[in-house]
Amino acid sequence: MLGAIGVAIIPFQLAVHHSRTYHDAKFDLPTAAHIDKALIVGAAIFGIGWGLVGICPAPVLSLIGLGKFQVLYL
């Protein structure tokens, strides 16, 4: 986790302070800071699914792409 944070911190800080991409395309970062019902329900579904299966959803998709279909039977 610390390695991921170390790699990602510079691009995230650049994104926060500059509103244009390398190719000069403008983008807007989300500004919503409130917690609503949709956020809580989505987070609960994600957490329950992760807890039941025991693996993060992104690696499951990667493993399926690599032909490791046994992850579908967890």
Return the set of residues passing side chain to side chain contact (heavy atoms under 4.5 Å, CB included) with D24 (not counting sequence neighbours), or none when no residue passes.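 Testing D24 for side chain to side chain contact (heavy atoms under 4.5 Å, CB included), a comparison that skips the adjacent residues, returns R20.
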
- Is the number of heavy atoms from other residues, nucleotides or ligands within 6.0 Å of CD1 (I10) greater than 12?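 Result for CD1/I10: open.
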
task = Please say whether more than 12 non-hydrogen atoms of neighbouring residues, nucleotides or ligands are located less than 6.0 Å from CG in L14.
result =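 Yes, enclosed.
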
F46 meets the ring-ring contact (aromatic ring centres under 6.0 Å, His included) criterion, sequence neighbours left out, with W50

| said: Hydrophobic clustering (ILVMFWY, side-chain heavy atoms < 4.5 Å, transitive) - are I40 and I45 grouped together? | reply: no

Find out if a path of hydrophobic residues (ILVMFWY) with successive side-chain heavy-atom gaps under 4.5 Å connects I64 to L66.
no

Shortest non-hydrogen pair, P11 vs V7, comes out as CD-O, 3.4 Å

To the nearest 0.5 angstrom, please state how far the CG atom of L61 sits from the CD1 atom of I55.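 Here the interatomic distance stands at 10.0 Å.
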
